[in-house]
Amino acid sequence: MLRTLTARLVAATSLIALSSAAMAAEVNVYSSRHYDSDDALYEAFTKDTGITVNRIEGKADELIARLEAEGENSPADVFITVDAGRMARAEEAGVLQPYKGDVIDDAVPVHLRHPDDLWFGVSQRARIIFYAKDRVDNPPRTYEALADPEYKGQICIRSSSNVYNQSLLASIIEADGPGAAKTWAQGVVDNMARAPQGGDTDQLRGIVSGECDIAVANHYYFLRGYDSDVEGLSKDIDGIGWVWPNQSGRGAHLNLTAAAMAKSAPHPEEAQALLDFLTGEYAQQHFANQNNEYPAVPGVGLDEDTARLGFFIPDTATPTAAFSANAKEAQEIFNAVNWQ
């Protein structure tokens, strides 16, 4: 009888320990995404798994520096950044480790994954060309055409420090070669209507104000002008047209929100569970509906507002890993042509 009682006490103690461990399950996320809508995404993950998500937000470079400084003592389990180009810096810093690929590899196309499983895409943002309908009869149809002297003094585009532009140039390096990429960058500088300033919304505002006739921006900044009252944009947004570039060639360039497992992740199983969750239908639909992004997983439906931009051919020929591999060379070219 005593043995039975002891066994029951041991079993009860083990159950309490397991229950406490389950309740204490957590995953720490360092993220450069600054969207309140992501709160609901992590809440859904916690509801499904019981794993609490602790999120620290910051600029990608700051988070990478923090990961380096923390070293093996870093509490970070997952690192998320808004562009694969930033992942190059994380790779160089040695702060990532390969994820386990079964679920992710089945869901995410190979061109949206790192060849050594260091990171993968969770959502996409198209970088496209916008123009003033009443002032531009023949808008550029390719990224390369932005450097055509025909558009001298007409283009608004962000600075060279912007990771979206860095990845765009990195893709041009991959597609056309470094020499052609440098010639392109110089041509765009020559065609600028003003020195680079502000964010993507400011480039679109430049079209409305008449400061420029053509702008380069991510698609969802334009869509926000429809969804909400964006000062200097929404009122006159119907005067702005758009072009899906390179539709007769490699296709439109898409930036990539990328996720990775931190090298010293103290909760690797929980981290893997979150990474897998991000490729699931709920998360992919969330990215599409809440921030007008394009899913990384094929077959997921688009948000109604995003669908208004119409069908386009994306660039699937250029590996997204090239955005990070060519990031350093892209910045060197920007510096050489004095793209501020």
Side-chain angles (χ1 to χ4, degrees), residues 60-61 64 81-94 96 109-116 118-119 121 124-129 140-152 154-193 195-196 200 203 214-218 243-256 258 313-340:
D61 289 343
I64 293 169
T81 183
V82 295
D83 192 274
R86 282 290 189 266
M87 282 298 182
R89 301 181 188 184
E91 292 172 46
E92 291 173 2
L96 306 180
V110 66
H111 71 281
L112 301 181
R113 306 194 310 262
H114 187 275
D116 297 323
L118 286 180
W119 52 260
Q124 303 180 86
R125 298 99 169 274
R127 195 145 190 81
I128 60 179
I129 298 169
R141 296 292 171 183
T142 65
Y143 299 110
E144 288 80 359
L146 290 166
D148 194 309
E150 175 184 354
Y151 303 112
K152 188 173 182 62
Q154 297 185 51
I155 295 174
C156 282
I157 190 168
R158 288 176 74 165
S159 71
S160 63
S161 63
N162 173 245
V163 70
Y164 301 143
N165 282 343
Q166 291 172 1
S167 288
L168 175 58
L169 181 54
S171 74
I172 293 174
I173 291 172
E174 190 72 13
D176 302 333
K182 184 176 181 181
T183 299
W184 175 81
Q186 183 64 67
V188 174
V189 170
D190 293 342
N191 287 347
M192 288 181 183
D200 277 16
Q203 315 315 310
I214 298 165
V216 178
N218 282 358
V243 170
W244 287 107
N246 296 71
Q247 295 301 278
S248 297
R250 67 181 183 277
H253 172 75
L254 283 86
N255 296 304
L256 193 69
I313 300 171
D315 181 359
T316 59
T318 306
T320 307
F323 303 170
S324 58
N326 296 338
K328 182 177 180 181
E329 187 169 17
Q331 189 59 64
E332 290 173 352
I333 289 175
F334 278 136
N335 294 342
V337 301
N338 197 29
W339 186 318
Q340 297 178 21

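Numbers for residues simply follow the sequence, beginning at 1.
The minimum heavy-atom distance linking Leu254 with Ala126 is given by the pair CG-CA, 4.0 Å. In plain terms, the two heavy atoms of Ala327 and Ala88 that are nearest each other are CB-CB, 4.2 Å. Of all heavy-atom pairs spanning Asn191 and Pro149, the tightest one is OD1-CA, 4.2 Å.
Under the 4.0 Å criterion applied to side-chain N and carboxylate O atoms, Glu92 and Arg86 are not assigned as salt-bridge partners. Salt bridge status for Arg89 with Asp61: present, with a side-chain N to carboxylate O gap under 4.0 Å.
When Asn218, Asp200, Asn165 are each tested for a side chain to side chain donor-acceptor pair (under 3.5 Å) with Arg158, only one passes: Asp200.
Asp83 and Gln166 form no side-chain donor-acceptor contact under 3.5 Å, judged by distance and modelled atom types alone.
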Inset, instruction - Report the C-alpha distance between Arg250 and Asp176 in whole Å, list the side-chain angles of each, state the deciding distance to 0.1 Å, and finish with yes or no for side-chain contact (heavy atoms from CB on, under 4.5 Å). - result: CA-CA 11 Å; Arg250 67 181 183 277; Asp176 302 333; 4.3 Å; yes
Inset, instruction - Evaluate the ring-ring contact (aromatic ring centres under 6.0 Å, His included) criterion for residues His253 and Tyr164: first the C-alpha distance (whole Å), next the side-chain angles of each, then the deciding distance (0.1 Å), finally the verdict. - result: CA-CA 10 Å; His253 172 75; Tyr164 301 143; 9.3 Å; no
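Between the side chain of Ser160 and the backbone N or O of Trp339 there is at least one donor-acceptor pair closer than 3.5 Å. A donor-acceptor pair is defined here as one N or O able to donate and one able to accept, closer than 3.5 Å; no such pair exists between the side chain of Gln331 and the backbone of Glu329. Distance alone, capped at 3.5 Å, is enough to place a donor-acceptor pair between the Thr320 side chain and the His111 backbone.
In this structure, CG on Leu146 lies 4.0 Å from CD1 on Ile129, to the nearest 0.5 angstrom.
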